[in-house]
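The structure under discussion appears below in the form of structure tokens.
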2 protein chains.
Amino acid sequence: MLRNHKKIPEPTIERLPLYSRPLEELLKAEVPVVSSDTLAKLCGVNPAQVRKDLAYFGEFGVRGVGYEVASLLKEIKKILGTDRKWRLCLVGFGNLGSALFENHNFRRRGYTFVAVFDSDPAKIGRILENGIVVEHPKKIKEAVPRLHIQIGVIATPPFKAQRVAEMLFSAGVRAVLNFAPIQIRKPECCVVENVDFTISLENLAYHLAKLH
Amino acid sequence: MLRNHKKIPEPTIERLPLYSRPLEELLKAEVPVVSSDTLAKLCGVNPAQVRKDLAYFGEFGVRGVGYEVASLLKEIKKILGTDRKWRLCLVGFGNLGSALFENHNFRRRGYTFVAVFDSDPAKIGRILENGIVVEHPKKIKEAVPRLHIQIGVIATPPFKAQRVAEMLFSAGVRAVLNFAPIQIRKPECCVVENVDFTISLENLAYHLAKLH
DNA sequence: CCTTCTATGTGCAAAAATTCACAATAGCTG
DNA sequence: CAGCTATTGTGAATTTTTGCACATAGAAGG
Ligand SMILES: NC(=O)c1ccc[n+]([C@@H]2O[C@H](COP(=O)([O-])OP(=O)(O)OC[C@H]3O[C@@H](n4cnc5c(N)ncnc54)[C@H](O)[C@@H]3O)[C@@H](O)[C@H]2O)c1
Ligand SMILES: NC(=O)c1ccc[n+]([C@@H]2O[C@H](COP(=O)([O-])OP(=O)(O)OC[C@H]3O[C@@H](n4cnc5c(N)ncnc54)[C@H](O)[C@@H]3O)[C@@H](O)[C@H]2O)c1
């Protein structure tokens, strides 16, 4: 048994969400069982990789048959914590922030915005979906414990992002999704994920330039 | 000399944009020279990594001194093709699409939207910044060569994304930035980068769940 | 109940990426 | 201009990740 001995590689964690997407499709299409080969093709990875990744967490497959779609999906969600609900707050209700807030993919996957903060007086007080009211960021300190906010999403201008992050951390938030194109300094105990589209664009540009 | 012999590792390419961000800050602050140690700390990576990554492309540093900020930044931009201008089109002018279009970071980095496509009749004909008019996606075929579009950005609903991608590829686009949460099938010769925030969120949830 | 068939789980080897550690070398100082 | 210092560039060691290859186990059919 692999699962009890070794720690789980980061790339494995990053591939699990990749597997869960085609699995959701298969579930919808009422396909009962999937092989590592098929799943691998759907995700564009190696079949052995799929089996090994899954084996870190348990024996989910049946030899000679494959993986039962519904139960595998459930297991992956359990591993990722996606079977739980997570409560988020949004800081920065601008173009990007409002697109994030209005996107129902997040809620469908268990990520619910329960508070929105913005420093613009023109936006403070505005009433959004689910009765959420835009508040000044100075309310973060008080709102995080009261609303049990677990994840902070930063969509402010870059030069405000570090300060906002610090407010979130000191209010008790341990995980931050940061859309501002800067490197956030964080306490040891906290996790930060950066999303930066321009990095993806620069990657594309590099590969394009090579194909001349 | 490393640079002529080995092919460049993908992770190296992915780190270059990371280096360029603090370098821009340093340039603005008129810091003339930076050591691999300092740059590494700013980016949260190992200093030897910085040196090795850069050495793949040339000898940019001065022993005993460090790297000249301005010229290093210029070199990185040259490598990434960010010194060139790139012409993009946007397909899907919804919440996310319009946030992308209105974000001036892209243009500042040399990525300019020169066309916007959306299938919604209520949006077609709308006039945006720089005189760009929202057009029906059936115009892609004709617009790509005429406007020399090099990169397509997909921000349509997921179930439309594959079809849109095919229209882009067959019109001659070789690089696609895809925001829809599906795996795009692509011809050998083309490059696709996927941006999926929910993967980042699932990562955060996993790490949070571990810290319980 | 035994045989056959199929796809998993995993030991092991290969490949890739990271990090160490140090010789090489540029600049500075006296 | 010799010696000293700082920091690069890189070969070698280490760690991590991937992929092969096959023994293993469940299912199905005779
Ligand atoms: N829009 C995009 O497509 C896009 C793409 C990549 C990155 N980003 C980044 O995301 C961030 C937001 O982008 P945007 O386009 O939504 O910008 P925006 O200007 O539309 O919105 C920023 C919002 O943050 C608010 N704000 C400013 N200071 C604040 C503070 N201290 N506390 C709380 N709120 C504050 C502003 O009032 C505004 O509503 C930026 O850092 C941007 O670089 C955006
Ligand atoms: N909004 C977000 O924060 C967010 C986050 C993650 C992922 N996404 C993904 O990005 C995509 C767009 O999200 P959104 O929130 O902007 O959705 P949206 O519904 O606001 O916008 C989608 C737009 O695409 C247009 N469209 C539909 N079919 C089209 C076609 N065949 N050709 C051209 N245009 C077409 C629609 O008219 C609409 O304007 C979705 O796939 C979504 O899952 C969005």
Side-chain angles (χ1 to χ4, degrees), chain A residues 1-19 22-23 26 31-73 75-76 79 203 206, chain B residues 1-19 22-23 26 31-73 75-76 79 203 206:
Chain A
M1 269 208 278
L2 227 48
R3 61 213 68 104
N4 302 316
H5 305 306
K6 296 195 152 239
K7 75 159 208 332
I8 287 121
E10 195 59 27
T12 293
I13 304 302
E14 278 163 26
R15 275 187 300 267
L16 292 183
L18 201 68
Y19 301 154
L23 282 173
L26 292 170
V31 177
V33 167
V34 69
S35 71
S36 60
D37 249 355
T38 308
L39 187 54
K41 255 183 214 116
L42 289 170
C43 303
V45 303
N46 181 294
Q49 184 110 78
V50 172
R51 295 199 295 278
K52 183 156 281 193
D53 283 345
L54 296 175
Y56 279 113
F57 302 98
E59 296 205 4
F60 302 142
V62 179
R63 290 173 192 221
V65 178
Y67 300 88
E68 208 221 313
V69 171
S71 76
L72 180 57
L73 186 58
E75 289 292 348
I76 291 182
I79 295 162
N203 236 304
Y206 172 79
Chain B
M1 268 207 278
L2 229 46
R3 61 215 66 105
N4 301 318
H5 304 306
K6 295 195 154 239
K7 77 162 208 328
I8 287 123
E10 196 59 26
T12 293
I13 305 302
E14 278 163 25
R15 275 189 299 268
L16 291 182
L18 200 70
Y19 301 154
L23 282 173
L26 293 169
V31 177
V33 167
V34 68
S35 71
S36 59
D37 249 351
T38 308
L39 186 54
K41 257 184 213 114
L42 290 170
C43 303
V45 303
N46 181 295
Q49 184 110 81
V50 173
R51 296 199 295 278
K52 183 154 280 195
D53 282 345
L54 297 175
Y56 279 113
F57 302 98
E59 297 205 5
F60 303 140
V62 179
R63 289 170 194 224
V65 178
Y67 300 87
E68 208 220 314
V69 172
S71 75
L72 180 57
L73 186 58
E75 289 290 350
I76 291 181
I79 295 163
N203 236 306
Y206 172 79

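It should be emphasised that the depicted structure is a prediction, and the values quoted were computed from it without experimental measurement.
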Atom of A48(B), atom of N46(B) and distance for their closest heavy-atom approach: N-OD1, 2.7 Å
V62(B) side-chain proximity, nearest of dT10(C), dT18(D), dA26(C): dA26(C)
So which protein N/O to nucleotides 12-16 of chain C N/O distances come out below 3.5 Å?
unit_1  : atom_1 : unit_2 : atom_2 : d
dC12(C) : N4     : K52(A) : NZ     : 3.1

Non-neighbouring partners of P32(B) that pass side-chain contact (heavy atoms from CB on, under 4.5 Å), sequence neighbours left out: none
Heavy-atom closest pair, residues F57(A) and T12(A): CE1-CG2, 4.1 Å
Below 4.0 Å: OP1/OP2 of dT8(C) and any side-chain N or O of S36(A): yes
Side chain proximity check, Y19(B) to V45(B), heavy atoms < 4.5 angstrom: yes
Protein-nucleotide distance (L54(B), atom CG; dT7(D), atom P), rounded to Å: 16 Å
Nearest-angstrom distance from the residue atom CD of E59(B) to P of dA24(C): 14 Å
Pairing residues for E10(A) by the side-chain hydrogen bond (donor to acceptor under 3.5 Å, both in side chains) criterion, not counting sequence neighbours: H207(B)
Heavy-atom check, side chain of I8(B) versus side chain of Y206(A), under 4.5 Å: yes
Near-strand residues of residues 39-46 of chain A, defined as heavy-atom separation under 4.0 angstrom from DNA chain D: N46(A)
Distance in angstrom units between Q49(B) CD and dG9(D) C1', rounded: 15 Å
Among dT8(C), dG27(C), dA24(C), the nucleotide that comes nearest once only the side chain of R63(B) is considered: dA24(C)
Among dT18(C), dG27(C), dT10(D), the one nearest A48(B) by side-chain distance: dT10(D)
Residues within residues 64-73 of chain B bordering DNA chain D, heavy-atom distance below 4.0 Å: G64(B), V65(B), G66(B), Y67(B)
Sugar-phosphate, base or nothing in reach of T12(A), heavy atoms under 4.0 Å: nothing
Interatomic distance, D37(A) CG vs dG9(C) P [rounded to whole Å]: 13 Å
Nearest-neighbour nucleotide for the S35(A) side chain, dT8(C), dC20(C), dT18(C) considered: dT8(C)
Can I get a per-line list of side-chain donor-acceptor pairs under 3.5 Å for residues 33-40 of chain A, giving both atom names and the distance, sequence neighbours left out?
unit_1 : atom_1 : unit_2 : atom_2 : d
S35(A) : OG     : D37(A) : N      : 3.4
S35(A) : OG     : T38(A) : N      : 3.1
S35(A) : OG     : T38(A) : OG1    : 2.9
S36(A) : OG     : R51(A) : NH1    : 3.0

Separation between CD of E14(B) and CG of D53(B), rounded to the nearest 0.5 Å: 11.0 Å
Contact summary for L26(B) and V69(B), nearest pair of heavy atoms: CB-CG1, 4.1 Å
Heavy-atom pair of closest approach, residues Y67(A) and F60(A): CD2-C, 3.7 Å
Below 4.0 Å: OP1/OP2 of dA21(C) and any side-chain N or O of R51(B): no
d(CZ, F60(B); C1', dT8(D)) in whole Å: 13 Å
